[in-house]
Amino acid sequence: KNQVEQSPQSLIILEGKNCTLQCNYTVSPFSNLRWYKQDTGRGPVSLTIMTFSENTKSNGRYTATLDADTKQSSLHITASQLSDSASYICVVLISGGYNKLIFGAGTRLAVHP
Amino acid sequence: EPEVTQTPSHQVTQMGQEVILRCVPISNHLYFYWYRQILGQKVEFLVSFYNNEISEKSEIFDDQFSVERPDGSNFTLKIRSTKLEDSAMYFCASSEAWDSFHEQFFGPGTRLTVL
């Protein structure tokens, strides 16, 4: 069964600190992995897209890693800001379909002053 | 910057009633999608649509659901006879192409509440 699991479910950090969110997936056939940010009551917004051949990709203060062998990914946020408070969702695209996305449950991040 | 828009932002309906959720995808996009997110749960794929046809649908997308592109700009999701368990956020998304490197851009969602 195609699944995307994320940890932790929720996380509280202080402003300025770094954090790392984890994602494990069992999806086949794998096409790429995406991290989305979802503010409460809003649609998901893409942060990164990574193919199986990419190990690391950065987008500003966000750095995603992918290990296609172990089927694990992480999202590292550096120097957190209050506006980083949101859910971060790991999403895997199934190859061959019309962009069928498999979503994880997300990690709810709260950044406190 | 172009964006996907959805109306209404919140819809309240009685069980058994029909609802139509509306979306305006980004203008040069050709592929359209509906997703739903029940409160506290994962986002789930419902259906994808291209060239006026359903490309793929999930097991959630049963005969109570239908999609339509009635004109050149709107993309709609109809639920014929709503059930309590249809209460969720419904997100529309669109992409320029179907290949794996094209982003899907999501709208802000419509919160559907079935009483």
Side-chain angles (χ1 to χ4, degrees), chain A residues 1-7 9-10 23-54 57 59 62 64 66 68 86-108, chain B residues 1 3-6 9-10 21 23 25-26 29-51 53-61 67 88-113:
Chain A
K1 184 181 178 181
N2 291 315
Q3 281 190 320
V4 177
E5 302 292 337
Q6 292 186 243
S7 62
Q9 277 189 321
S10 61
C23 173
N24 299 303
Y25 62 91
T26 51
V27 175
S28 181
F30 174 88
S31 179
N32 60 49
L33 184 145
R34 304 152 182 229
W35 283 93
Y36 285 85
K37 178 184 179 185
Q38 185 179 23
D39 292 310
T40 302
R42 307 292 295 177
V45 175
S46 177
L47 297 174
T48 64
I49 299 177
M50 301 182 72
T51 65
F52 70 91
S53 61
E54 295 178 296
K57 182 170 277 190
N59 177 6
Y62 302 104
L66 176 64
S87 285
Y88 291 84
I89 308 175
C90 177
V91 184
V92 178
L93 176 70
I94 292 180
S95 176
Y98 286 88
N99 271 357
K100 185 174 180 179
L101 301 175
I102 306 296
F103 286 76
T107 292
R108 180 166 293 280
Chain B
E1 185 175 331
E3 58 182 14
V4 177
T5 60
Q6 291 185 242
S9 57
H10 192 187
L21 310 182
C23 168
I26 294 173
H29 286 186
L30 301 176
Y31 295 81
F32 315 113
Y33 315 84
W34 283 101
Y35 295 84
R36 81 172 185 190
Q37 186 176 29
I38 296 171
L39 185 63
Q41 297 188 21
K42 300 179 182 183
V43 176
E44 301 172 287
F45 168 80
L46 292 178
V47 66
S48 58
F49 190 85
Y50 169 70
N51 199 26
E53 289 184 349
I54 290 175
S55 307
E56 191 167 357
K57 60 182 181 179
S58 72
E59 59 275 10
I60 302 168
F61 194 88
V67 289
M89 279 288 280
Y90 287 82
F91 295 106
C92 172
S94 69
S95 64
E96 194 173 348
W98 69 267
D99 67 82
S100 57
F101 299 101
H102 278 84
E103 264 308 330
Q104 288 187 29
F105 292 86
F106 285 79
T110 291
R111 179 169 297 284
L112 177 64
T113 301

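Residue numbers start from 1 in every chain, and the chains themselves are labelled A, B, ... in the order their sequence lines are given, proteins ahead of strands. None of the values given here were measured: they were computed from a predicted structure.
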* Give a yes or no on whether B/K42 atom NZ has more than 12 heavy-atom contacts from other residues, nucleotides or ligands under 6.0 Å away. => yes

* **Shortest non-hydrogen contact between A/Q38 and B/F91, atoms and distance** => NE2-CZ, 3.4 Å

* Asked: With a cut-off of 6.0 Å (strictly less than), are more than 12 heavy atoms of other residues, nucleotides or ligands near OH of A/Y62?
  -> yes

* Which atoms of B/Q6 approach chain A - backbone, side chain, both or neither, heavy atom under 4.5 Å -> neither

* Asked: Between A/L101 and B/Y35, is any pair of side-chain heavy atoms under 4.5 Å apart?
  -> yes

* **Nearest-0.5 Å distance, CZ of residue A/F103 to CD of residue B/Q41** => 14.0 Å

* **Considering all heavy atoms, the nearest A/Y36-B/E103 contact** => OH-OE1, 3.4 Å

* Asked: Can you say whether A/V45 sits under 4.5 Å from chain B via the side chain, the backbone, both, or neither, judging by heavy atoms?
  -> neither

